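Inspection log for the structure reproduced underneath, given as structure tokens.
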Protein chains: 2
Amino acid sequence: MNAAHKHKANILKALGHPIRFCIVEGLLAGEQNVGTMTHCTSVPQPTVSQHLNVLKAAGILKAERIGNEMHYSVCSAEARKIAAALK
Amino acid sequence: MNAAHKHKANILKALGHPIRFCIVEGLLAGEQNVGTMTHCTSVPQPTVSQHLNVLKAAGILKAERIGNEMHYSVCSAEARKIAAALK
DNA sequence: ATAGTATATATTAAAATATGAATATACGGA
DNA sequence: TCCGTATATTCATATTTTAATATATACTAT
């Protein structure tokens, strides 16, 4: 059980929550702002924000502010591969 | 966020722990008995057993007793794909 | 029957995570 | 500057996970 294991497990753990996995799939399909995710996941906006933070902390997402909105995107190749593997 | 999401998230969650991920990688590489896993992960045997239970409950492993030993193997195609994606 | 090896279960304490409500901040436009 | 919209943060609490220890079970060989 080395550092590589821990890194991979961290990514899996971050993705291992229904709301977060849903968010990532949505982002890979093109959605980008928090309002849309809130609808799509049907949880309150603050909850979405918290899960976005978890994903960001795990290095899976990056955020960019564009005017009033935040645009999130998946920046982890590993996360992309995992999502693809589960298609 | 539908049932499919929840199912996939469950598998990811089960794999999202360093010890469990290590166990699954080891099994995919050929190891099969608990003693070996205990060495490889360097945690006490009861801890390994508990993690094996989590993986079994998630439908990732199946167990078969052969004489004195238990032989575990990965029975989830999804888990195999995820591990392959992280190679 | 007994001893030894392999694995599982139970219990519990500590740590991590999730949930929900309330509030705060950032930005664009009137 | 003030308002409305979009998003983030804070905080308290509930729940879940994790790890450790001790103990129990299953099987083999003697």
Side-chain angles (χ1 to χ4, degrees), chain A residues 1-2 5-24 26-27 30-75, chain B residues 1 5-24 26-27 30-75 79:
Chain A
M1 196 187 39
N2 51 36
H5 276 133
K6 285 180 192 161
H7 175 243
K8 292 172 185 174
N10 255 343
I11 293 178
L12 292 168
K13 184 178 177 186
L15 292 174
H17 185 288
I19 293 177
R20 292 198 292 266
F21 188 67
C22 182
I23 287 175
V24 170
L27 286 176
E31 297 161 18
Q32 282 180 319
N33 73 70
V34 180
T36 314
M37 300 177 206
T38 302
H39 276 121
C40 154
T41 58
S42 65
V43 298
Q45 174 270 319
T47 304
V48 171
S49 264
Q50 288 177 118
H51 286 297
L52 285 170
N53 262 338
V54 173
L55 289 166
K56 205 163 51 178
I60 291 175
L61 303 185
K62 68 184 206 308
E64 182 194 7
R65 177 176 287 278
I66 296 190
N68 211 4
E69 299 181 353
M70 298 293 289
H71 280 221
Y72 284 92
S73 56
V74 178
C75 64
Chain B
M1 195 187 41
H5 277 134
K6 286 180 189 161
H7 175 243
K8 292 172 185 174
N10 255 344
I11 293 178
L12 292 167
K13 183 179 178 186
L15 292 174
H17 185 287
I19 293 177
R20 290 196 294 266
F21 189 67
C22 181
I23 287 173
V24 170
L27 286 176
E31 296 161 19
Q32 281 178 321
N33 73 69
V34 179
T36 313
M37 301 177 206
T38 301
H39 277 120
C40 155
T41 58
S42 66
V43 297
Q45 173 270 318
T47 304
V48 171
S49 263
Q50 284 176 53
H51 285 297
L52 285 169
N53 264 337
V54 173
L55 289 166
K56 205 163 52 177
I60 291 174
L61 304 184
K62 68 184 204 310
E64 182 194 8
R65 177 176 287 278
I66 296 190
N68 213 4
E69 300 181 353
M70 298 294 288
H71 281 221
Y72 283 90
S73 56
V74 177
C75 64

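What you are looking at is a predicted structure, and each value in this text was computed from that prediction instead of being measured. So you know, we letter chains A, B, ... as the sequences are listed, proteins then strands, and number each from 1.
- Heavy-atom distances to DNA chain C give each of A:Lys13 and B:Gln45 a nearest nucleotide, and the one nearer the 5′ end belongs to B:Gln45.
- Remark: nothing in residues 32-42 of chain B comes within less than 4.0 Å of DNA chain D through any heavy atom.
- In this structure, the side chains of B:His17 and B:Val54 stay at 4.5 Å or more apart for every pair of heavy atoms.
- Not counting sequence neighbours, the partners of B:Thr38 by the side chain to side chain contact (heavy atoms under 4.5 Å, CB included) test are B:Val34, B:Gln45, B:Val48.
- Residues that satisfy the side-chain hydrogen bond (donor to acceptor under 3.5 Å, both in side chains) test with B:Gln50, not counting sequence neighbours, are absent from this structure.
- Taking the 5' to 3' direction, DNA chain D first and last meets chain A under 4.0 angstrom from a heavy atom at D:dT5 to D:dC11.
- Side-chain atoms of A:His71 and A:Glu64 form no donor-acceptor pair, as typed in the model, at a separation below 3.5 Å.
- In this structure, the side chain to side chain contact (heavy atoms under 4.5 Å, CB included) partners of B:Pro46, at least two apart in sequence or on a different chain, are B:Pro44.
- Residues passing the side chain to side chain contact (heavy atoms under 4.5 Å, CB included) test with A:Lys6 are B:Pro18, sequence neighbours excluded.
- Not counting sequence neighbours, the partners of A:Asn33 by the side-chain hydrogen bond (donor to acceptor under 3.5 Å, both in side chains) test are A:Thr36.
- In this structure, B:His39 has no side chain to side chain contact (heavy atoms under 4.5 Å, CB included) partners at least two apart in sequence or on a different chain.
- Every residue two or more places apart in sequence or in another chain was checked for a side-chain hydrogen bond (donor to acceptor under 3.5 Å, both in side chains) with B:Lys56, and none qualifies.
- For A:His51, the side-chain hydrogen bond (donor to acceptor under 3.5 Å, both in side chains) test picks out A:Arg20, with sequence neighbours left out.
- Within residues 56-75 of chain B, the residues that have a heavy atom under 4.0 Å from DNA chain D are, in order of number, B:Arg65, B:Gly67, B:Asn68.
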If you apply the rule side chain to side chain contact (heavy atoms under 4.5 Å, CB included), what do you find for A:Glu69 with A:Ile66, and how did you get there? CA-CA 5 Å; A:Glu69 299 181 353; A:Ile66 296 190; 5.6 Å; no

Nucleotides 20-22 of chain C: which of its N/O atoms have a protein N/O under 3.5 Å away?
{"unit_1": "C:dG20", "atom_1": "O6", "unit_2": "A:Gln50", "atom_2": "OE1", "d": "3.1"}

